[in-house]
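Here the structure comes first, spelled out in structure tokens, and everything after it is commentary.
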Amino acid sequence: MLFGRYKKNPIKMADKGVVDWTYSTCGYCSTGCSIEIGTNAVGKPVASRGVGGADVNRGKLCLKGIFEYEVFEAIGRASTPLIRDHIHEPYSVSSWDPALDKMASEIKRIQATYGRDSFAVVSTGQILTEEFYTLGKLVRGAIGTNNYDGNTTLCMASAVSGYKRSFGSDGPPGCYEDFEHTDCLIAWGSNLPEQHPIIYWRMKDAMEKRRFPLIVVDPRVTIFAQNADIHLPITPGTDVVLQNALIHVILKEGLEDLDYINANTTGFDELAKEVENYDPTSAAKLCGIDEDTIRTVARLYAKANRAMSIWTMGINQSTHGSDGVVGINNLNLVTGNIGKPGGTSLSITGQCNAMGTREWSSCSGLPGYRALEKAEDREEIAKFWGIDPEFFPKKRGLTETDIFPAIETGEIKGLWLVATNPMTSMANTARIRKTLEKLEFLVVQDAYTDVETSQYAHVFLPAGIWAEKEGVFTNTERRVNITRQVTPPFEDSKSDMQIFNELAKRFDNGQKIHFPERPVDVFEEMKTLSKGRLCDISGMSHDLIEQERGIQWPYTEEHAAQGAKGTQRLYTQPATFCYANGRAKLIPLPFINNNEVPDEQYPFWLNSGRLVEHWHTRTKTGKIGNNNKFSPIPFMEMSPDAGHELGIKHQSYVRVTSRRGDAVVMVMLTHRVPKNMVFIPFHFYDCVNRLTLGLLDPHSRQPAFKQSAVAIEQVDQDYAARLSKESRTY
Ligand SMILES: Nc1nc2c(c(=O)[nH]1)N[C@H]1C(S)=C(S)[C@@H](COP(=O)(O)OP(=O)(O)OC[C@H]3O[C@@H](n4cnc5c(=O)[nH]c(N)nc54)[C@H](O)[C@@H]3O)O[C@H]1N2
Ligand SMILES: Nc1nc2c(c(=O)[nH]1)N[C@H]1C(S)=C(S)[C@@H](COP(=O)(O)OP(=O)(O)OC[C@H]3O[C@@H](n4cnc5c(=O)[nH]c(N)nc54)[C@H](O)[C@@H]3O)O[C@H]1N2
Ligand code: SF4
Ligand SMILES: [Mo]
């Protein structure tokens, strides 16, 4: 194909020899782009392209999707099971049966010696929904430990908790199409252009057609903030103060939607009483946004015909994460902006299938948004699986962030990690290292052997990745989309579902419960269990999903019979919230400042997050040249003014210290951060999470990854350069 100046050096697209394209859904972020993977004559994946007719991305992909076909055969792919008795010995190569036998017998030994809950399981937001459902069946129904959670506690837990508190259930009510209808958008703690580039493109596209004001709340001057009409550089961890102050102004000026409030909510008087305390003059001192701007934004939002809020980790990863979500919901309920086109409260999800785990993994309960706390839910699922309901615990067990401390105290002795890498992604990794070393038995199930946690495992199980398997993901807007198998699992690795099924056979209940082998049969079970639930998928099928390029739940059999599209929005009718009285709750949010804040000894805020080119702990993007080349080593954003005061030069190395540990990084002087803040991407091993404190939110148990205090000192440049090179695992 030829582009550009035909006669002068035309740009020629490389002919990759694609003979076949297979439909899939991108396996990185929760945007949920439809993607096709091209394979050559010998079946090797050689290209990716966006799917034109897909509503989400309309042919586009970001740079992770474009190079995603390279993840299959990247350096470090795990090819065979590995076992050893002690973590200081080298691994031996194993075949599957001995590895799974060892795993089952160690789980049984630990449970028999220390009790059922002494073996814990931590999973992910990155396997297929059919795999999540199967893992839940195995853990809840056969292994029977209550200490089972996912890395979503590091990610979406506050959104889940906030939705449940406000609306009576999890489930994002809005969709991307809301950008087309809104008259005002506030984005809270979200770096959309880098972290969800295609959602950002949808927003920009809507804005070009019909200009609406954009307000970005972020202590950093991100690209998003630069493109905003109003940027609110909030003092870290104080979003709740700003939310209360906005509602204060709205109520003082009579801008609330009283009809909506009266028909759809409870708790208005209590909320009104609490926000009395947050007049803009006092609030400005706490949240760092001046009082006039608070008033301007409150008026803009409340007077807009339709106003919406989106948010991501700047809200969720905070000691007030769950409150921050409730605060956004309060703001939308008070202004009558839920369930309307362009009027919504939309959490932007993180991982490709963080929604799938919320709906189907049973981590926090039982499948299909059922709760362990409800006897009828326990009975229904036990009957469906063919086991005794008494096998289930009667309330939820520990979250990931409580499982690690329970290993420290000796309550938990064994752990199984499925597709997550806490040695790099949890706060205070020195503590995590000691914790992992303390385990009697650790299993790591990952697609790459060089994942840092494998240093501490007794059994390593190699898993197939993303489009080596078939099944569905749910994206940010509740859209279920399908991944077809492009290529078989790498060498002797197995799909996660095959691994779960094989392990199930080794447990008594596992023999009683039916574990279908084909993803499509698992999907049929989920459909049956979803009937009448909020996340009803009973009208869907794998084929219909591919044909429609994704379908938004709820999608019932009646929807399918009528040939209807999926459901774009929840709570569109009056009083249809999930509390028994159909009303949403307005909840007062008193603010207590419990963060670690900068002081004389540690004078900088440490903020952390992500970059467009990298995915999390870099097991994937660290090996893809066209991603890794943009930031191959750890670096830190620092303001030129702070650099000048400390005599620190652009691109020199510094040592950053906190009360937990230290890290050496290269400095990028930039006005993206204020003078009293530094920002370090969390993608690198032995880097920012050596420093973070990770205080927990009381409702969601999500860590405040974005608020710690650090000091910065000069280091010997040659020594630091050597250290930095050595820290590059690939
Ligand atoms: N390229 C790429 N894309 C990704 C990912 C990735 O690793 N790489 N990961 C995916 C996942 S799992 C997730 S969860 C999402 C995360 O997506 P985002 O949350 O958008 O990304 P982050 O960079 O973690 O944080 C967003 C912003 O929060 C700001 N922030 C810090 N403290 C505060 C605060 O107190 N208040 C407010 N209002 N803002 C604050 C930070 O300055 C930062 O700019 O991205 C998803 N998309
Ligand atoms: N400081 C700081 N820390 C943070 C954050 C932050 O903003 N700041 N963000 C937090 C957030 S939001 C998140 S979501 C977490 C993410 O933290 P992690 O979940 O630990 O990060 P990943 O690198 O995505 O780990 C996923 C692992 O699964 C493997 N994998 C991928 N696909 C498959 C598969 O199909 N099967 C199997 N078995 N394995 C697979 C990958 O190789 C990788 O090792 O990090 C958290 N940590
Ligand atoms: S925006 Fe997200 S889903 Fe879309 S191609 Fe990029 S990483 Fe994949
Ligand atoms: Mo996340």
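Both counts, for ligands and for their atoms, begin at 1 and track the order of listing.
For ligand 1, the polar-atom distance check finds no N/O of P219 at less than 3.5 Å from any of the ligand's N/O atoms. Close N/O approach between L192 and ligand 1 is not found [any backbone or side-chain N/O within under 3.5 Å]. Considering both main-chain and side-chain atoms, K64 comes within under 3.5 Å of ligand 1 through a nitrogen or oxygen pair. At under 3.5 Å, not a single nitrogen or oxygen of W188, backbone or side chain, sits near a nitrogen or oxygen of ligand 1.
Ring geometry, W466 versus F72: the interplanar angle falls under 30°, so the pair is classed parallel (tilted spans 30 to 60°).
Contact check on R659 versus E596 returns a salt bridge, with a Lys/Arg side-chain nitrogen under 4.0 Å from an Asp/Glu carboxylate oxygen. Ion pairing between D218 and R672 fails under the 4.0 Å rule for side-chain N and carboxylate O. Contact check on R202 versus E477 returns no salt bridge, with no Lys/Arg side-chain nitrogen under 4.0 Å from an Asp/Glu carboxylate oxygen. Salt bridge present: K469 and E131 bring a charged side-chain N and a carboxylate O closer than 4.0 Å.
Atom CZ of R431 has 12 or fewer neighbouring heavy atoms from other residues, nucleotides or ligands inside a 6.0 Å radius.
Both tests pass for R220 against the ring of F679: distance under 6.0 Å to the centre and angle within 45° of the axis. The side-chain tip of R77 points at the ring of Y448 from less than 6.0 angstrom away and within 45° of straight on.
When heavy-atom distances to ligand 2 are checked against 4.0 Å, the residues falling inside are Q126, I127, N151, L154, C155, M313, Q317, Q351, A419, T420, N421, S425, Q445, D446, A447, Y448, V451, A463, G464, I465, W466, K469, D496, S608, G609, R610, W615, H616, T617, T619, F682, V688, N689, F705, K706, ordered by chain and number.
Taking W615 as the reference, Q126 meet the side-chain hydrogen bond (donor to acceptor under 3.5 Å, both in side chains) condition, with sequence neighbours excluded.
Atoms of ligand 1 lying under 4.0 Å from any heavy atom of V612, numbered from 1 in the order shown and given with element: 1 (N). Each of the atoms 44 (O) of ligand 1 lies under 4.0 Å from some heavy atom of T222. Within ligand 1, the atoms closer than 4.0 Å to a non-hydrogen atom of S190 are 20 (O), numbered from 1 in the order shown. Atoms of ligand 1 found under 4.0 Å from any heavy atom of V217, numbered from 1 in the order shown, are 37 (C), 38 (N), 39 (N). If you number the atoms of ligand 1 from 1 as listed, the ones under 4.0 Å from a heavy atom of Q707 come out as 32 (N), 34 (C), 35 (O). Close approach of ligand 1 to L611 is summarised as follows: ligand atoms under 4.0 Å from at least one heavy atom of the residue are 1 (N), 2 (C), 8 (N). The distance from ligand 1 to the heavy atoms of D239 drops below 4.0 Å at these ligand atoms: 34 (C), 35 (O), 36 (N), 37 (C), 38 (N). Taking every heavy atom of C29 and a limit of under 4.0 angstrom, the matching atoms of ligand 1 come to 47 (N).
A distance below 6.0 Å separates the ring centres of Y200 and F224.
In terms of modelled atom types and a separation under 3.5 Å, the side chain of Y148 and the main chain of T399 share no donor-acceptor contact.
Considering N57, I310, T476 in turn, T476 is the only one that fulfils the side chain to side chain contact (heavy atoms under 4.5 Å, CB included) rule with Y176.
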